[in-house]
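Shown next, in structure tokens, is the structure this report addresses.
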There are 2 protein chains.
Amino acid sequence: MDGNTAPHPAIHRMLHPRSIAVLGASNNPVKLSGRAIALMKRFGYIGRLLPINPVRAQVQGLPAYPGLADVDGDIDLAMIMLPADQVVAAVRDCAERGIPVAIVGAAGFAELDEAGARLQQQLSEVVADTGIRLLGPNCLGMFSLKDRAMPTFTSAMDGDFQLREGALAFVSQSGAFGTFIFSAAQHAGLGISHFLNTGNEADLSVGELLGGLVELDEVRVLMAYLEGVHDGRELLAVARRAHELDKPVLVVKVGRSEAGARAAASHTASLAGEDAVFDGVVRQFGVVRVDGMEQLLDVGMIFADGRRTRGRRLTTLSLSGGAGVLMADAAAHHGLDVIPWEPEWQTRMAEVLPAFGSARNPVDLTANLISDPAMLRRALEIAVEHPGSDVIAVLLGNADHAADELIGAIEHAYRSTDRPLVVVWTGGSGRPREWLRELGIPCFTDPGRAAAALGALASYSLRLAPPSPQRPRDIDRRAVRAILCEARDHGRAQLDEHESSRLIAAYGVPCAGAFPAKDPPSAVAAAHDLGTPVAVKLLSRTIGHKSDVGGVRLNLSTEAEVLAAADDLLRLDPDAKLLVQRMSSGTELIVGIKRDPAFGPVVVVGLGGVLVEVLADSRVGVAPLDTASAKRLLRSLRGSRIFDGVRGEPARDLDAAADAVSRLSWLAHDLADDLEELDVNPLLVDHNGAVAVDCLAVLT
Amino acid sequence: MDGNTAPHPAIHRMLHPRSIAVLGASNNPVKLSGRAIALMKRFGYIGRLLPINPVRAQVQGLPAYPGLADVDGDIDLAMIMLPADQVVAAVRDCAERGIPVAIVGAAGFAELDEAGARLQQQLSEVVADTGIRLLGPNCLGMFSLKDRAMPTFTSAMDGDFQLREGALAFVSQSGAFGTFIFSAAQHAGLGISHFLNTGNEADLSVGELLGGLVELDEVRVLMAYLEGVHDGRELLAVARRAHELDKPVLVVKVGRSEAGARAAASHTASLAGEDAVFDGVVRQFGVVRVDGMEQLLDVGMIFADGRRTRGRRLTTLSLSGGAGVLMADAAAHHGLDVIPWEPEWQTRMAEVLPAFGSARNPVDLTANLISDPAMLRRALEIAVEHPGSDVIAVLLGNADHAADELIGAIEHAYRSTDRPLVVVWTGGSGRPREWLRELGIPCFTDPGRAAAALGALASYSLRLAPPSPQRPRDIDRRAVRAILCEARDHGRAQLDEHESSRLIAAYGVPCAGAFPAKDPPSAVAAAHDLGTPVAVKLLSRTIGHKSDVGGVRLNLSTEAEVLAAADDLLRLDPDAKLLVQRMSSGTELIVGIKRDPAFGPVVVVGLGGVLVEVLADSRVGVAPLDTASAKRLLRSLRGSRIFDGVRGEPARDLDAAADAVSRLSWLAHDLADDLEELDVNPLLVDHNGAVAVDCLAVLT
């Protein structure tokens, strides 16, 4: 186990509790405070179930205890079903009794009003004082299906409900919506290992719980529904650990839109955070982000059997040519390759097909399959044998009466290979779908949804490791300290261009050659030393955005031009100095550093020039980034074709640009506490290098 | 009825046939040739069912006729269930008997091989000779649910199948996939009026059939699955007519991707066509294009009740705050507006909510709704009253035991308004969803899918009318004729730049001032007349792409520069002339004209310069376009922000650009038979006009 991500032992006990005390347990199984006992009785919790009730000797037929002190032996978990005003004292009691974790179901805390927020603050103080861990308040609780441990008052399992145990663990910030998803998953035949609802997250967060779940052998897929991120770095640690263990992390994170972010804020009083940052995080750390509920279940289903792809090549066998065509479109859209088979393989496949079938891939088995279902077995054998079948999809529809034999053929093929094989069974009664899911074979209702899930599977299977950047060795720490101290000493937060450039130069970021000059004659001398053409810029400690005030003169070649420009500029601010800089050219990038409240220092890259205004195209990475990740980040820009060289220009030196971005990310990381923000605008990238031409840093 | 789109009378009889002859009807209800009789007996066809069988007096208990001649009275429709080699003769018999339409089920025609293609050619000849109309061959047939007319051998209704009659008509080029969709639709509770499968389309096409269906009162929504378009202009006529009648046309058209187009070609031997053209067509004519099967059903469901929106403002009431947040994101993504309610309305709503609910919109009813379902009725009354509720969505989940009262409240609200109201009911047993659909209330399983369907509904409701362009009055037809004749007379298909520019100038497209010059001195004189700076270009009838050979010199200001450039250029081709042109500036557009095999002349617009290479951003419109449509086309470019003026430049004169595009579209339309292609590259658009700077036309 990786030391950094070892889950809190309390979490471990909570996820498989050997004993559960229910404080305020009601004798009425229908009341919220009676439901947990009723559920665990109904489904058969394997541990000790301990109703705590000061006025009853029995609760729902179980012996009850007047107080925690009356229970013998360890208690792994307490579920507190008391009104909000009794919760703080109850949690303290639990801590004193040595219970490692308590679940608080009651609402009436920070989500309600100021008084509730104060109550929640008291809860946090008890947690800090005693070391007890806490799920909630304002949460539905949790369940562990293997143990049938169900300290929850959800109604999701009411009625004629069949529990399906499985490899998917699900943590949700939202209670009701979490149980909708749980219920939909179970009805879709998806087996679940754990469900946890974090509610107000006064203590335990989604990230910490995922960190506990990822270590459990029976958990193979982690799923989360997020409205806000409180502990970004914790989430990154989980993502790293999940990558090592090859357990995908699937996340629905709302707040993509302004309307969604506003709604999330009003729902849980938690900020959704900047969505672009979250998007950058998931891209960088191999988290699978999905945007909808059914999509989460689709992707969960495709990951549940643990199979991975070796490539992106999809082989499709279809009862309907039309469905095969639709699948080809959808597969291409989701990044799969649909490649016609080689002639010799087509010949082999054609032998099992009717004359009007197609053996190209998508393979059209034709509706003859309904009268000759044995054809599927033969066709699947060839598909499994074909070396280009990284993934196999079987498209069927209706045909209930042939389901026995068709499913037999599919199961035979599924067991004969370790490659992913999925079924899309459209229309009909739905019973064949249920049957396939019982067999553990992923089965979809729609070709497009199957293609989306397969695309996610392929991307995850072929993922790169999360970045493990090495700090560059050539950082001039003394120069960095000197620049920071100089500014701090003078009480300045805003560094001027020359200081900012020296700061990034100390991290090895190439900067356009430049000399400060105190007056027009020294500007001329500087231009002479640098070689023309040059730019002359105002180096003012009062004027921030110098180009807005005409403080930049470009492309000056003659002595007279430099003199005149210097004179003009100094008229803008007589106390200012000048910066004389060698002119550079290339594709304009903008590289920024800022601090994200959830994830800490991040780097934002974007295209500059006309493109930035037309495309508003930028991407975010979490610092630090290695050069390979920085390069991927640049390549992920929508306008990244410009790096290939347009209009006859040579390709841009993306390695140099990525190196600069990586070095800036180290600066962001190392100076996380000192640096408020920093902008390099532009970083000019030509065919043979990248150079920062302007830079502005603001200290905290 | 619009004269242009009046359906063939034969189609009208086919869609509601009073009598159906089945040629080759088998006594065995399980055989393909026995299924149509069996289905119509089972479901109770209301017309005369006429088995034609030369060897049996009875077929499946019905009196059979030896031949068509033995039947008394009219026969509206013949279904031919004979082997391919007997079909041509049978169709001729039907025509001679006066039957207006025949359906040919047999495969073995153009989809199979050369011999089959010849057989299909013979079929087409019989159609041309006799005037009979033909569905197929290689099709599953059709059904009209109102009549229970089912001349089809599909197995989609096998087993315990409940027919749901309704307002959706569905035409599919694919047989099996069409019936998968039909079956999925019926299981989802969607009522269907007609299903038709066109198969090889030797005669009746999807467009013609939709043209018949759109006129039927009981049909309120048209749906089609397309793999290729044979009759683009027919489809446009249907779209116009459907717009007039306020009947949405929903289309799944495969072949978006290269892989999909290739698969479609191999499936039906029909070309998918250029997808960008189809995309342009649907945008221009208000067709609703969807990309997947379940999406088609979702959108079909939302249109089925005939309600339209007045705006894009969505009011959401949710049992779960989390579901409300997810819905807000999805709604924003699909173009709906989620606007927090005004304080006075929030106050009203808050009165019916628990304290920890939210009245902002999305309204969070909280899980208290489960114990107090009456809250939904009160909340919905306020939502319906709120003037900003263009669309209302109710999000529920699980809660089967409260379904009675919740559905009662929903039905009450639904009947109290004519605005769209949809339900998303996630998880649970699924019975509440079925119940709502029985009531005709759209009900989804997933917030994202509901939002996508609502977005389509809003876009359709607020659609603009298809363009009805007026030909510009100032076209110089004489000049056009002269240019074409001159080229034709000399056997030239390729017009030079000067001729091409005169051609578009004759259509009123502004061209940069230019004079041809035969030698360097005349070039100098031309430059003098035009005013400098000028460009000098090679005007060669042998060199097509002059810029590739260095045949363009820009920004020439002095006499010496013009002379030198002219000398240089004439060295490239001593037989050439020169073109001297006034320099222009502005945002670069590329406007092309080409001929699409399905839709005829089309106009392609794109951004030029760096952007065209970085974005590969272009859009297609069908000629002719009015200026409003041309402007929408330009605005739909992904990089269209550039028209607003970037980096401090003034906004571009989009009206002038749209006028030029519209005029070029008229040229495309009028010269459809003469013009192979034409490119204006660039059309320069500045703040005060647009001007064509280079143009090249190729005649047929």
Side-chain angles (χ1 to χ4, degrees), chain A residues 107 111-112 155-156 158-159 174 176-177 179-180 183-184 225 227 254 256-257 259-260 263-264 266-267 291-294 319-326 328-329 332-333 338 355-356 358 360 362 364 367 370 397-398 400-401 426-428 445-448 610-611 613-614 639 641-642 646-647, chain B residues 107 111-112 155-156 158-159 174 176-177 179-180 183-184 225 227 254 256-257 259-260 263-264 266-267 291-294 319-326 328-329 332-333 338 355-356 358 360 362 364 367 370 397-398 400-401 426-429 445-448 610 613-614 639 641-642 646-647:
Chain A
E111 86 288 357
L112 181 61
S155 59
D158 284 1
S174 169
F177 196 50
T179 60
F180 295 177
S183 169
Y225 170 84
E227 296 182 356
V254 293
R256 266 206 198 278
S257 65
S266 104
H267 179 222
D291 277 335
M293 197 199 72
E294 286 189 348
L319 183 161
S320 144
V325 177
L326 190 88
D329 268 340
H333 180 71
V338 181
F356 54 99
S358 167
R360 281 167 65 92
D364 182 2
I370 298 175
N398 301 349
D400 272 50
H401 64 278
T426 297
T445 49
D446 181 89
V610 171
L611 288 168
E613 300 190 53
V614 173
R641 277 193 217 183
I642 201 164
V646 294
R647 305 204 126 190
Chain B
E111 86 288 355
L112 181 62
S155 58
D158 285 1
S174 168
F177 196 49
T179 60
F180 294 177
S183 169
Y225 170 84
E227 296 182 355
V254 293
R256 267 208 197 277
S257 66
S266 104
H267 179 222
D291 278 334
M293 197 199 72
E294 287 189 347
L319 184 161
S320 146
V325 178
L326 190 88
D329 268 339
H333 180 71
V338 181
F356 54 100
S358 167
R360 282 166 65 90
D364 182 3
I370 299 175
N398 302 348
D400 272 51
H401 64 280
T426 297
S429 68
T445 48
D446 180 270
V610 170
E613 300 189 54
V614 172
R641 278 193 218 187
I642 201 162
V646 294
R647 306 204 127 188

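Below, chains carry the letters A, B, ... as their sequence lines are ordered, and counting in each starts from 1.
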Portion of A/H333 that has a non-hydrogen atom of chain B nearer than 4.5 angstrom: neither
Single hit among A/T445, A/D446, A/N398 for side-chain contact (heavy atoms from CB on, under 4.5 Å) with B/F180: A/N398
Contact winner vs chain A - B/S257, B/A184, B/G292, heavy-atom pairs under 4.5 Å: B/S257
Residue among B/G428, B/G448, B/S429 with most heavy-atom pairs under 4.5 Å to chain A: B/G428
Residue B/A107 versus chain A: region with a heavy atom under 4.5 Å: neither
Approximate separation, where rounding is to 0.5 Å, of B/S174 OG and A/D364 CG: 8.5 Å
Please name the pair of heavy atoms, one in [X] and one in [Y], separated by the smallest distance, quoted to 0.1 Å.
X	Y	value
B/V325	A/Y225	CB-OH, 4.2 Å
B/G260	A/D329	CA-OD1, 3.3 Å
A/D291	B/L326	O-CD1, 3.8 Å
A/A323	B/F177	CB-CD1, 3.4 Å

Among A/A259, A/S155, A/A367, A/G397, residue most engaged with chain B (heavy-atom pairs, under 4.5 Å): A/G397
Most chain B-contacting option - heavy-atom pairs closer than 4.5 Å, from A/E294, A/M293, A/R641: A/E294
